[in-house]
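Nothing here was measured: the structure is a model prediction, and the numbers come from that model. Chain identifiers are assigned alphabetically (A, B, ...) following the order of the sequence lines, protein sequences preceding nucleic acid strands; residue numbering begins at 1 within each chain.
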2 protein chains.
Amino acid sequence: MHLQKYERIPRATIARLAVYVQELEVMEQQGIKVISSEKLAWSCGVNPSQIRKDLAYFGEFGVRGVGYYVYELREAIKQSLGMDRTWNVVMVGVGNLGRALLRHHLLRKRGFVIVAAFDCDPFKIGEEIAGIEVQCTSKLPQSTIDMGVEIGIITTPPERAQRAANYLIEGGIKGIVNFAPSRITAPENVVVEYVDFIHNLFSVAFNITQHQIKGLL
Amino acid sequence: MHLQKYERIPRATIARLAVYVQELEVMEQQGIKVISSEKLAWSCGVNPSQIRKDLAYFGEFGVRGVGYYVYELREAIKQSLGMDRTWNVVMVGVGNLGRALLRHHLLRKRGFVIVAAFDCDPFKIGEEIAGIEVQCTSKLPQSTIDMGVEIGIITTPPERAQRAANYLIEGGIKGIVNFAPSRITAPENVVVEYVDFIHNLFSVAFNITQHQIKGLL
DNA sequence: TGTATATTGTTAAAAATTTCACTATGCACC
DNA sequence: GGTGCATAGTGAAATTTTTAACAATATACA
Ligand SMILES: NC(=O)c1ccc[n+]([C@@H]2O[C@H](COP(=O)([O-])OP(=O)(O)OC[C@H]3O[C@@H](n4cnc5c(N)ncnc54)[C@H](O)[C@@H]3O)[C@@H](O)[C@H]2O)c1
Ligand SMILES: NC(=O)c1ccc[n+]([C@@H]2O[C@H](COP(=O)([O-])OP(=O)(O)OC[C@H]3O[C@@H](n4cnc5c(N)ncnc54)[C@H](O)[C@@H]3O)[C@@H](O)[C@H]2O)c1
């Protein structure tokens with residue numbers, strides 16, 4: 001077990017470490033055994049020092065003069081991120097996006113197991129998607145407590161997100177990923193993360209415009 | 001038209017501006033006409049100075065001693081982000097996620113119109129989803145040129161993402177949003193943005209663990 | 001065993017971003 | 001018109017994050 005030095009770790013570091021894992025997996029499949037920070041950086045689109053710095057928060061995983069052993073590094077990062085275990089997840093709101101996520105097999109592969117899904121629409125209750133039966137939202141709090149679920153995913157319409165969050169909080173959840181484009185309030189001890197990929201479209205659109213403006217100057 | 005001062009704008013600012021728009025819309029629906037940076041900050045989960053600073057990149061939109069007029073500010077931000085127009089978008093890969101996005105009406109509301117969808121699976125070609133007929137990928141480059149499409153969304157499996165990107169690039173696209181968990185290479189003049197919400201799950205999981213560790217100390 | 005080479009871990013510098021503190025200004029009411 | 005109050009805009013300070021530089025060290029090979 002590698003000791004994490006006790007420093008606050010930049011959230012950007014966490015996101016990058018996840019990318020490193022992803023690229024290391026590709027490399028492993030290609031039969032690459034050893035990789036330098038320079039080459040890994042190149043394929044992740046970051047600076048080599050950045051990689052070494054990011055890793056330094058968690059320990060020493062490389063061999064000077066040699067590089068990193070792909071398999072070992074991947075495992076070490078996963079362990080550092082707490083990804084060497086599985087997390088039980090529940091979903092609230094089984095609509096278009098919810099269904100897509102339920103059918104997304106990569107979640108399980110990454111250690112996130114959706115153990116239950118809830119919706120308030122009586123027409124959806126009882127339906128089975130990817131082996132999960134949709135249940136009535138009223139059962140949520142007790143279920144999550146019983147199953148020891150730690151993470152909740154919200155995929156309801158935005159105006160229902162707070163209500164969904166309240167159920168999850170009542171169910172003793174420790175973290176929420178909210179896909180609805182609305183802010184929610186939760187107690188201090190509940191970690192909340194927002195996902196909204198329209199932001200990414202905004203960002204691309206904005207950068208295209210900037211590019212064009214720059215081109216004209 | 002507000003003049004953008006010529007400075008590089010932090011990418012985080014762009015993401016936040018999109019959140020401000022979202023919250024301003026909610027406030028507008030609630031009949032709120034004027035808002036202070038402090039109150040807006042509160043509901044967006046950021047610092048008030050941050051809001052004022054973010055806005056300052058694009059101009060002066062408020063009234064000292066009063067605050068910001070909700071409607072005007074929203075419009076001003078949208079204009080600054082280049083969101084006062086519509087963007088034509090194409091999708092490559094109509095699977096679980098692709099379908100969800102095609103049916104996601106908020107995209108259109110935000111000015112992103114999916115004008116065509118492509119897949120290489122013969123069983124999917126010809127199918128109609130949310131009014132869009134799935135076409136064969138081989139038609140992509142010519143179609144995007146003909147329709148003047150500027151943004152491409154990739155929702156293929158990761159190992160196909162580069163191929164999808166190549167089609168888009170051939171079709172003269174200016175920006176790509178890649179939902180597949182793999183890096184792609186594209187010419188300098190093509191803006192690429194990656195979306196992977198497993199990162200957000202990682203982040204929540206990590207923060208839950210940290211929280212618990214901190215609790216123990 | 002010694003030397004050259006590669007590449008990490010780490011410290012220091014630079015750059016970017018956020019927050020603070022203060023100034024300027026608009027509004028309401030006397 | 002003057003005064004008090006609220007709040008935007010802004011330059012400077014603080015903080016965070018990234019990048020660069022280099023010392024430490026493992027390997028290969030003479
Ligand atoms: N569809 C997409 O691709 C997409 C993309 C990005 C974000 N989103 C966001 O994700 C959310 C869901 O989108 P969608 O397209 O799946 O919408 P949807 O309308 O298809 O699904 C929403 C589901 O939530 C259920 N629901 C509503 N209130 C509920 C409650 N209180 N408790 C439990 N379930 C409840 C509804 O019955 C419905 O099944 C929205 O907020 C949307 O903005 C969707
Ligand atoms: N399902 C989700 O909720 C989800 C969530 C996050 C990320 N993703 C990612 O999004 C991508 C799509 O996921 P999915 O669940 O929709 O997968 P999927 O297998 O359901 O869909 C992929 C689609 O891409 C098509 N395709 C494959 N190669 C193609 C090519 N060269 N050109 C055009 N089309 C091609 C396939 O025919 C299929 O229809 C994956 O990379 C996945 O990791 C999915």
Atom pairs under 3.5 Å: protein N/O with N/O of nucleotides 28-30 of chain C:
none

Can you check nucleotides 22-24 of chain C for protein contacts, nitrogen or oxygen pairs under 3.5 Å, and list what you find?
residue: C:dA24; atom: O4'; partner: B:R64; partner atom: NH1; Å: 3.2
residue: C:dA24; atom: N3; partner: B:R64; partner atom: NH1; Å: 3.4

Polar-atom pairs under 3.5 Å, protein N or O versus N or O of nucleotides 14-17 of chain C: list them with distances, or write none.
residue: C:dT17; atom: OP2; partner: B:R8; partner atom: NH2; Å: 3.3

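Annotation: salt bridge (Lys or Arg N to Asp or Glu O under 4.0 Å) contacts of A:K174 (sequence neighbours excluded): A:E150. With sequence neighbours left out, the salt bridge (Lys or Arg N to Asp or Glu O under 4.0 Å) criterion links A:E75 to no other residue. Scored by the side chain to side chain donor-acceptor pair (under 3.5 Å) test, A:E193 finds A:R11, B:N200, B:S203 as partners (sequence neighbours excluded). Legend: residues meeting salt bridge (Lys or Arg N to Asp or Glu O under 4.0 Å) with A:R183, ordered by chain and number and at least two apart, are absent. Qualifying side chain to side chain contact (heavy atoms under 4.5 Å, CB included) partners for A:N189, counting only residues two or more places apart in sequence or in other chains: A:P187.
Protein atom CG of A:L17 is 11 Å distant from nucleotide atom P of D:dT18, rounded to whole Å. Atom NZ of B:K53 is separated from atom P of D:dT15 by 16 Å (rounded to the nearest Å). What separates CZ of B:F61 from C1' of D:dT7 is a distance of 17 Å, to the nearest Å. When the P atom of D:dT7 is taken as reference, atom CG of B:L55 falls 16 Å away, rounded to whole Å. Whole-Å rounding puts the A:I35 CD1 to C:dA6 P distance at 16 Å. Between the CD atom of B:E60 and the P atom of C:dG26 there is a distance of 10 Å, rounded to whole Å. A:E38 has its CD atom 16 Å from the C1' atom of C:dG9, to the nearest Å. In this structure, A:N47 places its CG atom 17 Å from P of C:dT10, rounding to the nearest Å.
Between A:F58 and B:F206, the angle of the ring planes goes over 60°, which puts this pair in the perpendicular group of the 30/60° scheme.
Backbone-only engagement by A:S37 is indicated by non-hydrogen atom pairs under 4.0 Å involving sugar-phosphate atoms exclusively. Within the 4.0 angstrom heavy-atom criterion, only backbone atoms of the sugar-phosphate kind lie near B:S36; the bases stay farther away.
The stretch residues 25-51 of chain A participates, sequence neighbours left out, in no ring-ring contact (aromatic ring centres under 6.0 Å, His included) pair at all. Applying the side-chain hydrogen bond (donor to acceptor under 3.5 Å, both in side chains) definition to pairs two or more places apart or across chains, those involving residues 93-108 of chain B are B:R99-B:E127. The stretch residues 151-181 of chain A participates, sequence neighbours left out, in these ring-ring contact (aromatic ring centres under 6.0 Å, His included) pairs: A:F179-B:F197. Under the salt bridge (charged side-chain N to carboxylate O under 4.0 Å, His left out) criterion, no residue pair touches residues 30-48 of chain B, with sequence neighbours excluded.
Counting only N and O atoms by type, the side chains of A:E170 and A:N166 include no donor and acceptor under 3.5 Å apart.
Looking at the side chain of A:S49, the nearest of the listed nucleotides C:dT19, D:dA21, D:dA8 is D:dA21.
Each of A:V63 and A:D54 lies near DNA chain D, and the nucleotide nearest A:D54 is the one positioned closer to the 5' end.
The side chain of B:Y68 places an N or O atom within less than 4.0 Å of a non-bridging phosphate oxygen (OP1 or OP2) of D:dG9.
Of all heavy-atom pairs spanning A:A161 and A:S182, the tightest one is CB-OG, 3.5 Å.
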